[in-house]
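Read the structure below first, then the notes.
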Amino acid sequence: MAHGSLSHFKATLARKAERNQKRQARSDRQSKFRTSGSKTEFNSTTLSESELKEIKADIRNKMKLEKKKQLKRILIVMAVLTSILLFSFFKFS
């Protein structure tokens with residue numbers, strides 16, 4: 001013979017249904033952000049070899065300049081930090 005009342009069994013079923021609804025709602029929200037399997041088409045013009053080489057060279061030059069700027073920033077920050085460290089070391093020693 002089963003232990004427990006009918007109301008307990010109904011409450012258990014209700015909690016299970018609520019959990020399933022909550023789980024389903026969570027999976028529905030996640031499915032909205034998934035992309036479809038179709039490929040994205042771009043409307044770009046076709047470039048000749050010389051134009052393509054020119055664009056690649058331009059991108060390389062921009063990247064070199066950006067790396068130089070970044071290196072300068074890092075060196076300036078390191079110099080400032082080193083000077084602060086040396087100043088505090090000599091002042092408090």
Side-chain angles (χ1 to χ4, degrees):
M1 191 152 159
H3 301 293
S5 65
L6 180 62
S7 62
H8 177 70
F9 178 67
K10 287 182 179 179
T12 303
L13 287 178
R15 285 193 303 270
K16 184 178 179 184
E18 287 176 17
R19 282 194 306 267
N20 287 341
Q21 286 175 351
K22 191 175 183 181
R23 189 178 307 122
Q24 183 65 34
R26 212 176 309 134
S27 66
D28 287 344
R29 278 191 305 241
Q30 290 174 352
S31 66
K32 289 179 187 176
F33 298 109
R34 293 184 184 153
T35 59
S36 64
S38 63
K39 272 193 156 183
T40 304
E41 293 183 23
F42 296 104
N43 296 329
S44 61
T45 59
T46 55
L47 301 173
S48 66
E49 283 294 319
S50 61
E51 291 173 331
L52 191 59
K53 287 180 183 179
E54 185 178 322
I55 291 172
K56 286 181 180 180
D58 187 40
I59 292 172
R60 284 188 194 105
N61 290 336
K62 286 180 183 178
M63 290 301 294
K64 285 180 185 178
L65 288 175
E66 191 64 33
K67 284 182 183 180
K68 286 181 184 179
K69 287 180 185 178
Q70 187 177 11
L71 182 62
K72 286 179 185 177
R73 289 181 192 137
I74 290 172
L75 290 176
I76 290 171
V77 169
M78 292 298 289
V80 169
L81 289 176
T82 304
S83 63
I84 291 172
L85 184 67
L86 289 174
F87 175 76
S88 63
F89 178 71
F90 288 123
K91 184 174 183 174
F92 297 113
S93 62

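Excluded from the calculations below are hydrogen atoms, water molecules and symmetry mates; all remaining heavy atoms, backbone and side chain alike, are included.
Rounding to the nearest 0.5 angstrom, the gap separating the CG atom in Asn61 from the CG atom in Leu65 is 7.0 Å. Rounding to the nearest 0.5 angstrom, the gap separating the NZ atom in Lys64 from the CZ atom in Arg60 is 8.5 Å. Separating the CD atom in Gln70 from the NZ atom in Lys68 is a distance of 14.0 Å, to the nearest 0.5 Å. With values rounded to the nearest 0.5 angstrom, Glu51 atom CD is found 8.5 Å from Thr46 atom OG1.
By the 4.5 Å heavy-atom criterion applied to side chains, Arg73 and Val77 are not counted as neighbours. No side-chain heavy atom of Ser50 sits less than 4.5 Å from a side-chain heavy atom of Lys53. A 4.5 Å side-chain heavy-atom check between Asn20 and Gln24 finds every atom pair outside the cut-off.
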Stepwise, does the side chain to side chain contact (heavy atoms under 4.5 Å, CB included) test hold for Leu86 with Thr82?
CA-CA 6 Å; Leu86 289 174; Thr82 304; 4.0 Å; yes

Derivation of the side chain to side chain contact (heavy atoms under 4.5 Å, CB included) call for Asp58 and Glu54
CA-CA 6 Å; Asp58 187 40; Glu54 185 178 322; 5.8 Å; no

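Residues Met63 and Ile55 are members of one and the same hydrophobic cluster, defined by side-chain heavy-atom contacts under 4.5 angstrom among Ile, Leu, Val, Met, Phe, Trp and Tyr. Following chains of ILVMFWY side-chain contacts shorter than 4.5 Å, one can reach Leu52 starting from Ile59, so the two form part of one hydrophobic cluster.
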